[in-house]
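This report refers to the structure that appears directly beneath it.
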Amino acid sequence: MSIVFHRNTRIFTLETDHTTYQMQIDPIGLLLHLYYGPRVEKGEDMSYLLQYADRGFSGNPYEMQHDKRYSNDSLPQEYSVCGAGDYRLGALLVRQGNGAQGLDLRYESHKIVKGKYLLPGLPSVRDEDQARTLTIDLFDAASGIRVRLFYGVLPSRDVITRSVQVINDGRDAADIEKAASMTLDLPYGDWDLIHFHGRHTMERMPERMPLPHSVVRVGSVRGMSSHHHNPFSILCEPTASEDAGLCYGMMLVYSGNHSQEFEVDQAGQTRAVCGLDQETFGWHLESGECFYTPEVILACSREGLNGLSQIFHRLIRKNLCPPRFRDRKRPILINSWEAAYFDFNGAQLLEIAEKAADLGMDMLVMDDGWFGDRDNDDRALGDWTVNEGKLGMSLKDLSERIRALGLSFGIWFEPEMINEESVLAGEHPDWILCEPGRLPNMSRKQLVLDMSRKDVQDYLFAAMEKVIEEGSVSYVKWDFNRALANVYSRSLPRERQKEAGHRFMLGTYSLLERLTARFPDLMIEGCAGGGGRFDAGMLYYCPQIWCSDNTDALERIQIQRGTSYGYPASAMGSHVSASPNHQTGRSMPLETRAVTAMAGAFGYELDPGQLTDEEKNAVRDQIARYRSLQDLVMNGTYYRLGEIGREGDQAAWLTVSEDKSEALLSLVLTHVRSNPAFPYVRLKGLDPHALYRDKKTGRLVSGRALMQGGYSLPAMYGDYPAVQVHFVKEG
Ligand code: GLA
């Protein structure tokens, strides 16, 4: 059993293959956190870790006033509340009918059931055979607020998921002012925080820092999970490396505003609180109503950062992404964006398609510019009718001719957006998020639709359904090219305006849900100006996300490396683009661009008409190579080689197949020197007893030697040279 409640000690134990999680109902009904970490013996009682001390100015619950050592402010809490004597980070703040905000949550009941819980209207980790759910009800008698804590335990995935339901069982209406998805108290140890910051065209840069004695907060108020702060962070021991040391990962399954807060308290205890951003969120609860927070995925590994990443990779691939794409080969596509931008017609697309087919690709994606009167980025978003004049043919005709070439057909949408200059804006000005009487903040000349409205969702569903049907579309690139501002919904009363941001996300999820149900074979690739919504919420609907608008291979290596801390290679849309690169102007060899793009869901984003015959042959070879490696890249165990910020003159990564029968080493020289050191790496995760053959040189080396003695390569020269070494187990 992965969840056990011990009646005498009143301890809950959650077990995965390699971790244990414990909490205890204390004598006055408070739920204390006991332990989360590497697996301990079955039946072990971890309450010996609780320490009691009079810390001064740390108050006591009323019943415990005789014991100054008992304080909510110093004991580890399972779900922290604001305003009731725990002065550390709170997870929940509810303004009650009489204006009070303190909550005194006491244990009421619990349930253990088979299967993993689901959250209405929200994406969450999918059920699997061994999964179990624990729910614990906590109740505040004075207000009638009930809090239901959800724990999903997936033993073989080594993951625990959490979410919270807030139920107003009081007589008066109440307002939630903060509702995080979890509190995690780590009473002992010093911890480094690794978070992933960035900007447009440079997403998910890891930053590692020791946690100070204050609050550190990262998050987004942009209405999107954002390029700037990913909803994923890691706490690790200060000595933890890529391959050793204790690490905890926290990933929010959400694509909107979020917050990850960390505090080290007066006694050196660490608390993490993750969930919805507080400033931009509020929820009105009438008596009898309830609210669900998004889910947070927790994992813990003592195998260092690589070990932690591998847990998230497996979980996302197997239990989060749409199951129908789990084992399906992804199409090698060519995207029209960097090939033609807005400047194309049907005949030109057919020319690109013809060349792409000749090179061996699988799909043509028609990017932005095919609808309304859109010839640049300042108009027509929202008018999802095909511009037949521009294409010079109907969508049906174009798609048929592309498919006749042996390619499938994909198309770009930006559903949540609208331009002022559009037919839709003239017809439905009330559908736009905007504060009354105020001129809106503009971005890329576009505004945002109020996705909380059912009529907006219905319009988008019908418009997209028509295009997808007409064009026999098998792939949609779902873009999102501005952050939200002036978030005000005309369909909500005053007391519910703070709900607009979260309702916007729920509306987007609902549309995604309807479309994926209507077109089960349609593959949706997420995108938000590249990787501005690269999060577990979108991955629930989209097996892959366009990783960044930066296609410069040298920078992509860094972006993909940063992304790999939380997300698998199979989730990273990654294309070979033209050289010199359109974002940086840097020139890169075609092989280096391909080796970099082969670290994800591979494709091209250039005009094949510009390729020389020699380059065309190279592309044919790359496509054939990727086809033979795709299974390994998408489903293998991924290792970053080299520590954060100490990779030296090379960037290297490795994928080992689950059965350890083959491995792919990729290495790019990021700084070529004269009279250089030899490129060198130690491999990981191989079978020490097996012999592996380097398919290019034919050299045979044991797994143990490759892992202990490593592998060196001849010196490489020129601009950013790259090499792939494919090792295959003998016999
Ligand atoms: C975003 C995407 C690009 C492209 C453009 C089109 O920036 O990330 O790939 O689709 O929009 O406008």
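Atoms within each ligand, like the ligands themselves, are counted from 1 in listed order. This structure is a prediction, so every number in the text was calculated from the model and none was measured.
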Between [X] and ligand 1, which part of the residue brings a heavy atom under 4.0 Å of the ligand: side chain, backbone, both or neither?
X      : result
Arg444 : side chain
Lys477 : side chain
Asn481 : side chain

Looking at Arg561 and Glu647, is there a salt bridge between them, counting it only when a charged N and a carboxylate O are closer than 4.0 Å?
yes
Under 3.5 Å between some N or O of ligand 1 and some N or O of [X]?
X      : result
Gly530 : yes
Asp479 : yes
Trp412 : yes

Determine the minimum heavy-atom distance between [X] and [Y], stating which atoms define it.
X      : Y      : result
Met505 : Ser255 : CE-CB, 3.5 Å
Glu421 : Asp378 : CB-O, 4.2 Å
Pro322 : Leu539 : CD-O, 3.6 Å

In a check of side chain to side chain contact (heavy atoms under 4.5 Å, CB included) between Ile524 and each of Trp478, Phe325, Tyr541, which one passes?
Trp478
Distance from [atom] to nearest protein heavy atom, with residue and atom:
atom                    : value
atom 10 (O) of ligand 1 : Asp367 OD1, 2.6 Å
atom 12 (O) of ligand 1 : Asp368 OD2, 2.6 Å
atom 7 (O) of ligand 1  : Asp549 OD2, 2.8 Å

With no hydrogens and no angle check, is any side-chain donor or acceptor of Arg208 less than 3.5 Å from a backbone partner on Ile194?
no
Numbered atoms and elements of ligand 1 in range of Gly529, under 4.0 angstrom, heavy atoms
1 (C), 7 (O), 8 (O)
Sub-4.0 Å atoms of ligand 1 with respect to non-hydrogen atoms of Cys527:
2 (C), 8 (O)
What I want to check is whether the side chains of Thr201 and Asn550 have a donor and an acceptor closer together than 3.5 Å.
no
Cation-pi check, Arg640 to Tyr565: give yes when NZ or CZ is under 6.0 Å from the six-membered ring centre and within 45° of the ring axis, no otherwise.
yes
